[in-house]
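Reviewing the structure listed below.
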Amino acid sequence: MKLYPEYKGLNLPDIDKKMLQQWEEHKIFEKSIEQRPEEKRWVFYEGPPSANGMPGIHHVMSRAIKDLFCRYHTLKGYRVERKGGWDTHGLPIELSVEKKLGITKDDIGKSISIEDYNARCKETVMQFKSEWDDITRKMGYWVDLHNPYITYENEYIESVWFLLEKLHDKGLLYKGYTIQPYSPAAGTGLSSHELNMPGAYKEVKDTTVVALFKVTKSADAGFLFDDENEDVRIAAWTTTPWTLPSNTALSAGPNIDYVKVKTSNPYTHTPVSVIMAEALVANWFGGKNQPLIESQSTSFKGSALKGIRYEPLLDYGNPIEPLLEGTDAYLVLTGDHVTTSDGTGIVHTAPSFGADDQRVAKANGVGTLTLVDLSGKFKESVGPFSGRYVKDYKDEVDYASVDVDIAILLKTEGKALNVQKYEHNYPHCWRTDKPVLYYPMDSWFVKTTAVKERMIELNKTINWKPAHTGEKRFGNWLENLQDWNLSRSRFWGIPLPIWRTEDGHEERCIGSIDELAKAIDDANAALGIKQYVPADLHRPFIDEVILVSTDGRPMKRETDLIDVWFDSGSMPYAQWHYPFDNVDVFKRNYPADFIAEGVDQTRGWFFTLHAISTMVFDSVAYKNVVSNGLVLDKNGQKMSKRLGNAADPFKTLEKYGADATRWYMLSNAQPWDNLKFDEEGIQESTRKLFSTLYNTYSFFALYANLDKWSADDTSIPGVADRPEIDRWILSRLHTLINAYRSDMDDFDVTTACRRIELFVNDHLSNWYVRLNRRRFWKGELSDDKRAAYATLHECLVSVSKMISPVAPFFSDWLYGSLAGADANQLESVHLTDLPTSDAALLDEALIRRMDYAQQISSLILSIRKKEKLRVRLPLRRILLPVINNQFQADIEQVKELILSEVNVKGIEYITDTAGIVSKIAKPNFKTLGKRLGKNMKLAAGIIQEMDQEAIAKFEIDGTFAIDIEGESFALDREDIEVVSEDIPGWQVASEDGVTVALDITLDDELRAEGTARELVNRIQNIRKSSGLEVTDRISILVEPLEGIEEAIAGYGAYIKTETLADDIAVFAPKSPKGDSSIAKVDWLEGEEISIRVEKI
RNA sequence: AGUCUCGUAGCUCAGUUGGUUAGAGCACUACACUGAUAAUGUAGGGGUCGGCAGUUCAAAUCUGCCCGAGACUACCA
């Protein structure tokens, strides 16, 4: 009977499937939560994905991070509930529906009803839900998908309304008419965080114009004219020529120096006088292809220009629209926003298309012109430009740039000083990729600026990973906070629950369905109508509800929807339908201990959670947050479907398994650094960690089964009674447990993974198992064997627990395999408690000794290599100069390990090393530098040149005096390190102060033993390749090459024991031929040897 | 344009408060070891630590400027 299952090979994807089945069958996820106490919670919030698109490999990354810290805290005994969620509203969904139906925003409400349209949105939103569920399952992300929160459900919406009402009550919700980023292509205003989506700002080449505004003669302007007929024009630069028809003012800097330059118009060649900032004249005049300066006036301040009037540049007879009742136009204003960093020092001002422009216009009683409509085209009253799109919003085949045509017109009319292409950053709509316009719009705002200081304060209490994302990126964002534009003039989203009278004097914000019902009853009674609370709170139904004002007038709903980011930022409350249900549940689960998303959410979800939480509850929404970087392709390019370099997460998981993929992603680079995703890296993780663990387990299982040893063995020796090397690996293990816990508590999973890899590979597999193989397969079950089994078993079980957060499948498979017949083992590694470090097992001295053993072994092997002395050939002795008091005692305890590892018979120590070992003295720069300062270099030279005698004296006295420029310094042992370097007449190697010498003298006995070991090796190889069982007994015949007979004579018993042979002899005729049972294998120096191995 | 992060071997990454000759893994070459191993050991090639200055006895590390990458901020025309 086999206690421990033995496998035929490692297949991670198969393990995934097997474990998934087990988890589901035995409800392991549910148990992992339910078995933990209610009162010891660790709260996690799931940032809702949208099932509107396919999951990508970067989702595997970000969800692995969420998953692993939840699993880790589960192992630490916390109850970690993970409610899933879906983000269901928003522009991406609407746009995909528009595209599918082949309609535009204008058609909604006309060719398709809002009701039908929203129904399509609702269908579309869960389009890829099954793919998402599939990847969630396959990647091993434990999240509750049975009871997710869904942002389009009435209950969710009601909670959001509750929050909005709270904001309204606090006076934090207001309506304003401001210049806002607006996407004509999407037909909606954009919030500042949408504008700050990665990639929104694009480098574009625009036509820029320096336009010339003709000054009207007047008393104020008199000083600008040298004579009656002078053509005086003010130069203003713009990167958006399409705003020039809407120009109503020019702005100058009051303290900037301006001059008038006499020149000729470069396009019409007529004389003209141009006014611009003195500092910028050189940018526009006198260069190649630039007009010449005929004369230049003395300078005057910008304030002198104030009030000067000019002729409209492109006058199509449109009436000036009032701003704050002001309707003045075509005059020079002054403002502090004007600089001389580029342009002409005079700013073309179109108050409808610029925030600064509107501000100065309002301050000066100037009106505006809005000659562009909401679809992004000129109105019908703009002369030759009427009806043309100001930017290419429709992907027209032969779109001609209006900017260029305006520039041409200005050129021909002598109204341009310069026209050129200019490259600059301009914001684009993140959904449509089209340039944004700044447009005056009515919008509802959340007055986040009112709680700015509190948000900054609270942010300081949040633990950000990495810290700079919170301190710098998020911190700076909060410092420069603007009010949050909540309005979206779309259809599929949470309706703003605000009703207003027509004149806007009375408004009401509804915070619950009950409140709405009452308000409807009141309205029905007052207005004599019959309406009900709609079954669906979305548009268009909610739009039909009319409420009544205190003085009996009808109130209509503001038609805006709210920003979807408000939806997701409301999830801490709305996921529980707080405060209408689950008040206790909410209180237990707020704020979150942990959230994690991509760093691109800094201004998205991270912000909206923080903002709503601060405003409504005066609390943080989360205490710890991990922001992860992007997943790039292996060349560092951004993954995109268009480039075809996007890794398919399903294929990746299918091919390598979830664990290797997860382990690779988290161990390769810190999560917040961008990851260059390379499949070879996954293979490396498979080899380095999973194969090694698999092989270590297989080794254990093979011999434990042979011995019928089980982990519940009651006669295992206590750790103190186990051999040095067992105590060493346990000391290493418990050191690892300590470090692992502290890394993971600090959310540093990468360092934790790397530590585990180091332990598994270097310590456990390559040292502990390799050196202990004989203990496992030699002889009958003994206390020593029990100790070895128990030690290795403990290491593997502990490792399986520690890797389980990152590698949930393999770890559980390993843990399950290690259970054997032990009834004490639990159903799943995910139901266990994390191992705790036992301080009694930590032994620094032991680790130091073992380090010496490894180092000395390595040095001996390097000498062997240099001398071409193969390891099977035994040597007599190692010579070790004793470097300190503890050294010899240390080595004595690991002596046997070294000797067997390097195949040498003994170690001798040299204590009185003077005269035998040649040494060098090394200055300790750290201690000496502080004392000696600039004399350091000289001192270092003196120390390095100390001769053997001086070093010997220093070693005895412990002090050495040096004189530098008349000053004397006494150096002690701390200041000078003495290192053995060479032992004349010996083969020597040294490293880090440890020197070893090897006696390489050979004699017949050593040669015979060496030959015997070579023979054992060949025979073992033959046993293995001919398929013999480990326990089969054999009889051996060997071809008597040189040295063979001596080896058999001297070491026959040894060979027989090692190879389980009953007898060994040489062939009678020296080299028999034609016998197929004879193997011919490589022998020394390129020879071949014939050996016959026969099963008895 | 500004802010932040970053730039170390062909690749992926370490590098403690400044300290001597800058490391590991992968990959490559040769040799060795192995009755657990797709593993491992030894040796080798491979680096102006992005560049230039500066501070210091001493700089991959600190400072300044520049170059390059990325993210963020910003419609100043």
Side-chain angles (χ1 to χ4, degrees), chain A residues 9-10 179 181 195-196 198 201 208 236-240 243 250-251 335-339 341-350 353-357 424-427 436-438 466 468-469 471-473 476-477 480 599-600 602-603 629-630 634 636 668-670 672-674 676 678 680-681 683-684 686-688 691-692 694-703 750 754 757-758 761-762 765-766 769-770 773 776-777 857-858 861-866 868 870-872 922-929 932-940 944 1017 1020-1021 1023-1024 1028 1030 1058-1059:
Chain A
L10 177 64
I179 305 297
L195 215 54
N196 293 325
Y201 278 84
T208 66
W237 182 60
T238 180
T239 56
T240 50
T243 61
L250 293 171
S251 302
D336 290 330
H337 65 290
V338 181
T339 68
S341 58
D342 47 22
T344 63
I346 293 166
V347 175
H348 144 61
T349 302
F353 303 110
D356 278 338
D357 301 31
H424 64 147
N425 269 319
Y426 196 81
V436 158
L437 295 190
Y438 286 84
H468 58 80
T469 301
E471 285 161 20
K472 301 286 170 55
R473 190 184 275 207
N476 287 347
W477 161 258
N480 300 316
V599 70
D600 52 335
T602 309
R603 269 68 177 192
L630 304 169
K634 65 177 174 185
N668 185 65
Q670 296 284 0
W672 37 86
D673 289 333
N674 289 347
K676 290 180 187 167
D678 187 352
E680 279 181 35
Q683 289 169 18
E684 195 178 321
T686 307
R687 275 204 315 274
K688 275 169 72 172
S691 290
T692 307
Y694 166 80
N695 287 322
T696 306
Y697 167 77
S698 302
F699 173 82
F700 164 82
L702 176 66
Y703 293 108
T750 305
R754 289 175 179 171
E757 278 181 359
L758 183 76
N761 258 305
D762 293 10
S765 174
N766 291 332
V769 174
R770 190 159 59 84
R773 275 168 302 180
F776 289 90
W777 52 263
S857 300
S858 163
L861 290 172
S862 97
I863 298 173
R864 276 185 172 273
K865 158 74 186 162
K866 204 170 11 172
K868 296 192 193 311
R870 62 174 67 69
V871 181
R872 290 196 198 94
K922 287 183 175 180
N924 181 346
F925 282 73
K926 214 165 182 172
T927 59
L928 288 172
L932 298 179
K934 65 178 185 306
N935 295 322
M936 185 64 224
K937 255 186 189 142
L938 285 169
Q944 275 153 4
N1017 168 257
Q1020 301 287 37
N1021 287 343
R1023 282 188 65 119
K1024 194 178 183 181
L1028 292 182
V1030 184
E1058 288 296 310
T1059 61

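Worth knowing before you read on, the calculation uses all heavy atoms, side chains too, and leaves out hydrogens, waters and symmetry mates. Lettering follows sequence order; numbering is per chain, from 1.
Comparing the C1' positions of B:rA22 and B:rA14 gives an interatomic distance of 11 Å, to the nearest angstrom. Between B:rU21 and B:rC26, the two C1' atoms lie 25 Å apart (nearest whole Å). Going from the P atom of B:rU61 to that of B:rA9 covers 15 Å, rounded to whole Å. With P as the reference atom, B:rG70 and B:rU29 are 35 Å apart, rounded to whole Å. The gap from the P atom of B:rG44 to that of B:rU5 amounts to 39 Å, rounded to the nearest Å. Only the C1' atoms considered, B:rG64 is 11 Å distant from B:rU55, to the nearest whole Å. The P atoms of B:rA59 and B:rC52 are separated by 14 Å, rounded to the nearest whole Å. Comparing the same atom, C1', in B:rG18 and in B:rU73 gives a spacing of 34 Å after rounding to whole Å.
Here A:S858 reaches the OP1 or OP2 of B:rU42: one of its side-chain N or O atoms lies under 4.0 Å away. Contact check, A:Y703 against B:rA36: a side-chain N or O comes under 4.0 Å of OP1 or OP2. Of the side-chain N and O atoms in A:R773, one or more sit less than 4.0 angstrom from OP1 or OP2 of B:rA36.
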Check your understanding: When you check every protein heavy atom under 4.0 Å of nucleotides 6-13 of chain B, what one-letter string (B, S, -) results, 5' to 3'?
Key -> ------SS
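Under the side chain to side chain donor-acceptor pair (under 3.5 Å) criterion, A:S857 pairs with no residue at all, not counting sequence neighbours. Residues forming a side chain to side chain donor-acceptor pair (under 3.5 Å) with A:E757 (at least two apart in sequence, or on another chain): A:W663. For A:F776, the ring pair (Phe, Tyr, Trp, His ring centres under 6.0 Å) partners are A:F699, A:Y789, not counting sequence neighbours. In this structure A:D673 satisfies the side chain to side chain donor-acceptor pair (under 3.5 Å) test with no other residue, sequence neighbours excluded.
When heavy atoms are screened at a 4.0 angstrom cut-off, A:N1017 is found touching the sugar-phosphate backbone but no base atom. At a threshold of 4.0 angstrom between heavy atoms, the contacts of A:S862 are confined to the sugar-phosphate backbone, with no base atom among them. Counting any heavy atom pair closer than 4.0 Å across all strands shown, A:T239 reaches sugar-phosphate atoms only and no base atom.
Among B:rA36, B:rG41, B:rU17, the nucleotide with an atom closest to any side-chain atom of A:L861 is B:rG41. Residue A:E684 has its side chain nearest to B:rC26 when only B:rG19, B:rC26, B:rU37 are considered. Set against B:rA36, B:rG25, B:rC57, the side chain of A:V769 has B:rA36 as its closest nucleotide. Set against B:rG25, B:rC33, B:rU20, the side chain of A:P923 has B:rU20 as its closest nucleotide. Nearest nucleotide to the A:F925 side chain, out of B:rG19, B:rA74, B:rU21: B:rG19. Candidate nucleotides B:rC26, B:rA36, B:rU42 were compared by shortest atom distance to the side chain of A:R687, and B:rC26 ranks first. Of the candidates B:rA36, B:rG19, B:rU73, the closest approach to any side-chain atom of A:R770 belongs to B:rA36.
Of the possible donor and acceptor atoms, none in the side chain of A:R687 sits under 3.5 Å from a partner among the backbone N and O of A:T692. Proximity of a side-chain donor or acceptor of A:N674 to a complementary backbone N or O of A:G629 within less than 3.5 Å is not detected. A donor-acceptor contact shorter than 3.5 Å links the side chain of A:S691 to the backbone of A:T686.
Using a 4.5 Å cut-off on side-chain heavy atoms (C-beta onward), A:L861 and A:S858 make no contact.
The distance from atom CD of A:Q1020 to atom P of B:rU37 is 12 Å, rounded to the nearest whole Å. The distance between atom CG of A:N766 and atom C1' of B:rC33, rounded to the nearest whole Å, is 12 Å. Following rounding to the nearest Å, A:M936 (CE) and B:rA58 (P) show an atom-to-atom distance of 11 Å. Spacing between atom CZ of A:R870 and atom P of B:rA32 amounts to 7 Å, rounded to whole angstrom units. Taking atom CD of A:E757 as the reference point, atom P of B:rA39 lies 15 Å away to the nearest angstrom.
Crowding of A:E680 atom CD: a count of heavy atoms from other residues, nucleotides or ligands under 6.0 Å not exceeding 12.
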**Study point:** Under the 3.5 Å Watson-Crick or G-U criterion, the dot-bracket string of RNA chain B, with | for inter-strand pairs
**Key:** (((((((..((((.....[...)))).(((((.......))))).....(((((..]....))))))))))))....
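Heavy-atom distances to RNA chain B give each of A:N761 and A:I179 a nearest nucleotide, and the one nearer the 5′ end belongs to A:N761.
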